[in-house]
Structures are given as C-alpha cells and as structure tokens.
K.L.:
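Please see the structure below; I have some questions.
Values below: all heavy atoms of this structure, side chains included; hydrogens, waters and symmetry mates excluded.
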Amino acid sequence: MTATAHTHTVTLEVDNEPLPGVPQHTTPNEILRLDGIDPATHYLEQVQGRHHISYKGKGDEPITVHQGEKFVSLFTGPTPTS
C-alpha cells in the first residue's frame, strides 16, 4: 500500500444490525469476524431484495462492499431436534 492509498470504510447491515467500519475491500469471513461471528460455524449471504448471494465456501474470496448493503449470517452446524 502506498502512502497515498486510503482504506475506505462503510457501514453495512448484518443480521438487521449496523456494522460500521468495514473496509470496502474485504472478505465475507472478515465481515463475520468484525461482527463477532465465528466463520468456522457461519457463512455470509448478501440480501438484495428477494435475491440472496451466498458466500458459503467462498469466505476468503475478496469482495467489494458498499455503504448500506445488507447481509445475514447463517449457521452451518447441526440443528438440534426435540
């Protein structure tokens, strides 16, 4: 990174809560970590209206995010039954 390069940050919405300070160039797993969520047990999906973009299995791939984009975290472990 050069001395003139700037890291732009944005505020995203993850699980209906604001998450400020996210670098614009990041990874899905880094977004989860910034929100205190373990990427070993969760993955991220971007919500665009009724359409979702899944990052399952792609957590370390670089993505570019923009101000106000919405995401949800999804649990990957077993679901207990009663």
K.L.:
Would you mind listing every ring-ring contact (aromatic ring centres under 6.0 Å, His included) that reaches into residues 10-40, with sequence neighbours excluded?
P.N.:
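Not a single pair qualifies under ring-ring contact (aromatic ring centres under 6.0 Å, His included).
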
K.L.:
If you look only at pairs with a residue in residues 11-20, which of them pass as a side chain to side chain donor-acceptor pair (under 3.5 Å), with sequence neighbours excluded?
P.N.:
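The answer is Asp15-Ser73.
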
K.L.:
Out of curiosity, does Leu34 fall in the hydrophobic cluster containing Val14 (side-chain heavy atoms, cut-off under 4.5 Å, transitive links)?
P.N.:
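Yes: a chain of side-chain contacts under 4.5 Å links Val14 to Leu34.
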
K.L.:
Decide whether Val10 and Leu19 are clustered together by the hydrophobic rule: side chain heavy atoms of Ile, Leu, Val, Met, Phe, Trp, Tyr closer than 4.5 Å, transitively.
P.N.:
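Both belong to a single hydrophobic cluster.
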
K.L.:
For the atom pair CD (Gln67) and CD (Gln24), what is the distance rounded to the nearest 0.5 Å?
P.N.:
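Going from the CD atom of Gln67 to the CD atom of Gln24 covers 9.5 Å.
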
K.L.:
List in chain and number order the residues that pass side-chain hydrogen bond (donor to acceptor under 3.5 Å, both in side chains) with Thr26, two or more places apart in sequence or in another chain; answer none if no residue qualifies.
P.N.:
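Here no residue qualifies.
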
K.L.:
Going by ring-ring contact (aromatic ring centres under 6.0 Å, His included), name the pairs with one or both residues in residues 36-80, residues two or more places apart or in two chains.
P.N.:
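For residues 36-80, and leaving out neighbouring residues, the ring-ring contact (aromatic ring centres under 6.0 Å, His included) pairs sorted by first residue read His42-Phe75.
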
K.L.:
Begin from the C-alpha positions of Ile31 and Ile63 and carry the test side chain to side chain contact (heavy atoms under 4.5 Å, CB included) through to its verdict.
P.N.:
CA-CA 10 Å; Ile31 294 170; Ile63 61 172; 4.1 Å; yes

K.L.:
Among the clusters formed by ILVMFWY side chains lying less than 4.5 Å apart, do Val22 and Val47 turn up in the same one?
P.N.:
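No: no chain of side-chain contacts under 4.5 Å links Val22 to Val47.
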
K.L.:
Which pair of non-hydrogen atoms, one from Lys56 and one from Ser54, has the smallest distance, and what is that distance?
P.N.:
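Smallest heavy-atom distance, with atoms named: N-OG, 3.1 Å.
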
K.L.:
Mind checking what makes side-chain contact (heavy atoms from CB on, under 4.5 Å) contact with Asn29, not counting sequence neighbours?
P.N.:
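Asn29 satisfies side-chain contact (heavy atoms from CB on, under 4.5 Å) with Thr27, Leu32, Arg33, Pro39, Asp60 only.
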
K.L.:
Ignoring hydrogens, what is the shortest heavy-atom contact between Gly59 and Pro28? Give both atom names and the distance.
P.N.:
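The pair with the smallest heavy-atom distance is O-CD, 3.3 Å.
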
K.L.:
Asp38: which residues meet the side-chain hydrogen bond (donor to acceptor under 3.5 Å, both in side chains) condition with it, sequence neighbours left out?
P.N.:
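With neighbours one apart ignored, the set is empty.
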
